[in-house]
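Report on the following structure.
Throughout, a chain's letter reflects where its sequence line sits, starting with A, and its residues are numbered from 1.
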Amino acid sequence: MSDQQIVRPVPISGFPEWLPEVRTVELHWLDRIRATFERYGFCSIETPSVEALEVLQAKGETSQEVYTLHRLQGEPGDDAARLGLHFDLTVPFARYVAQHFNDLVFPFKRYQTQRVWRGERPQEGRFREFTQCDIDVINPDQVPLHFDAELPRIVHEVLTSLGIPPWTININNRKVLQGFYEGLGLPDPLAVIRAVDKLDKIGAEGVRRLLADDLKLDPGQAGAVLDLASVRGSGTGVVDDIAKLGVSSPLLSTGLDELGFVLEELADLPEGTVVADLSIARGLDYYTGTVYEGKFTDWPGYGSITAGGRYADLAGSFIRRELPGVGLSIGLTRIFAKLVAEGLIEPGAKSPSRVLVVVPSDDRRADAVAAAAALRGRGVNTETYHQADKLGKQIRYASRKGIPYVWFPPFEDGRPHEVKDMASGEQTEADLMTWTPAGA
RNA sequence: GUGGGUGUAGCUCAGUCGGCAGAGCACCUGGUUGUGGUCCAGGGUGUCGGGGGUUCAAGUCCCCUCACUCACCCCA
């Protein structure tokens, strides 16, 4: 120990970890998320952390910072990495569906809660390893629009069940944006979408400048683009507001029909929780219809806590079938870490134990072990203290670990068992075969 | 990847002009060999991120490097 070289334990940036009393809260969250997903009939899958690089790069550009995998003692000449850690769950899901196409029942509705990795520069709310809770529907040829409304409804229910600070899920439709821009005669709708996406960062005037200088829009066009982006609301009145802007195109009509349908389906949700916002676009270019982006109301600068959308054909690079889908992802780590940082997570117990059984003395250790076994046999989480320390020390251990009851086996033959309620300090005789902790 | 900031005890941090390494919290021991929290008395647990340089002397000044952190890009 003395002159041994020690490795300084430093946190690795972007790789969060929690103390037991916080982790236990996260586990409860995961339980609730899973329960809600399953209540809607979605099934669970898990895919490997690793995918072939060509799978990871099949959709979108290589802009995602993929962590590649190779052995420390790699074969010479075999240094070209062929494997990478997945950076989201959508691409692995697409591969999975293509691979197991014949064995799945469609529409395939699945949820998937796993860690993902992105080699980006960490910041508040941006991690290099984090957990996403994805929920997607995929179906050959076409996915009923009904799912575009069901997914935000499910996520709404999940977020509500977590009891987190106020948030809003914003909804938009790419066809509305693209159709509107086409109606305006703009040559590069995707570039306009990317510019509008910066609205909350650089403001309306910043976007106007971007549209005029970089994309060469005339003032009238730029004004119309910004007018559309300012439309917001939860009812179908949104559709009328857009119609009033006097732009038309076939794609725009389709988009407005879809957006109107989704909003109508969600009209019963609490005011302000799910609203249309024509300024959100999502940078990812594979979204083709409905798009979602959820944020905390109190921290608008914090990244999105849930996001997703509809894609026309996600698995097309893996199978000769058209497989459109719609999906939504909950950024569990991003939400949870923020609440931890804000001190809004009420820590749980430091131990799952309900009872600590005291060891009266070395020669009575067997009694303690037997008492603990009896309690466990009746489903009570119980641990035995590890050595015959002074009683004060044993009780102090229970106190510090947040174990609510301390069990005393007899210290002399013929005496009864006793149990101490740590919160009240009260200690009473108790029967091993019938006693149960409060709230069990 | 680009630019700024910060690295001292387990944690939060102080450390003057270059002159013996510090505080609070946490932790350990005892007061209390059958009872926790409170209280009292003790205890410093450290490669001052790492390497090099200047100097009689470096936590302090200079160079390099690493890590963390903030902003940009991008995103859950």
Using the P atom in both, what is the distance from B:C11 to B:U47, to the nearest Å? 12 Å

Considering only heavy side-chain atoms of A:I395, the closest of B:G36, B:C70, B:A76 is B:G36

Quick note, A:R128 side chain, CB onward, closest among B:C68, B:G34, B:C74 is B:C68

By side chain to side chain donor-acceptor pair (under 3.5 Å), A:R365 pairs with (sequence neighbours left out) none

**Asked** Taking the six-membered ring for Trp, does A:Y397 stack with B:G36 (centroid gap under 5.5 Å, planes within less than 30°)?
**Response** no

A:F87 CZ to B:A76 C1', in whole Å, measures 13 Å

Out of B:C74, B:A76, B:G36, minimum distance to the side chain of A:K198 belongs to B:C74

_Take a 6.0 Å sphere around CZ of A:R34 and say whether it holds more than 12 heavy atoms from other residues, nucleotides or ligands._
no

*In whole angstrom, give me the gap between the P atoms of B:G4 and B:G43.*
47 Å

Regarding the side chain of A:Q123, the nearest nucleotide among B:C68, B:U35, B:C72 is B:C72

Contacts satisfying side-chain hydrogen bond (donor to acceptor under 3.5 Å, both in side chains) that involve residues 331-347 of chain A (not counting sequence neighbours) are A:E124-A:K338, A:K338-A:E342

Rounded to whole Å, CZ of A:F408 lies from C1' of B:G36 at a distance of 9 Å

Side-chain atoms of A:K390 come closest, of B:A76, B:U35, B:U32, to B:U32

Note, RNA chain B 5' to 3' with Watson-Crick or G-U pairs under 3.5 Å encoded as ( ), [ ], | and . gives (((((((..((((.....[..))))((((((.......))))).)...(((((..]....))))))))))))....

Of the listed B:G36, B:C68, B:C70, the closest approach to the A:E124 side chain comes from B:C70

Which of B:G36, B:C28, B:U32 is nearest the side chain of A:R400? It is B:C28

Q) Using the C1' atom in both, what is the distance from B:A14 to B:G52, to the nearest Å? A) 28 Å

- Query: Can A:F130 be classed as stacking with the base of B:A76, given a centroid separation cut-off of 5.5 Å and a plane angle cut-off of 30°?
  - Reply: yes

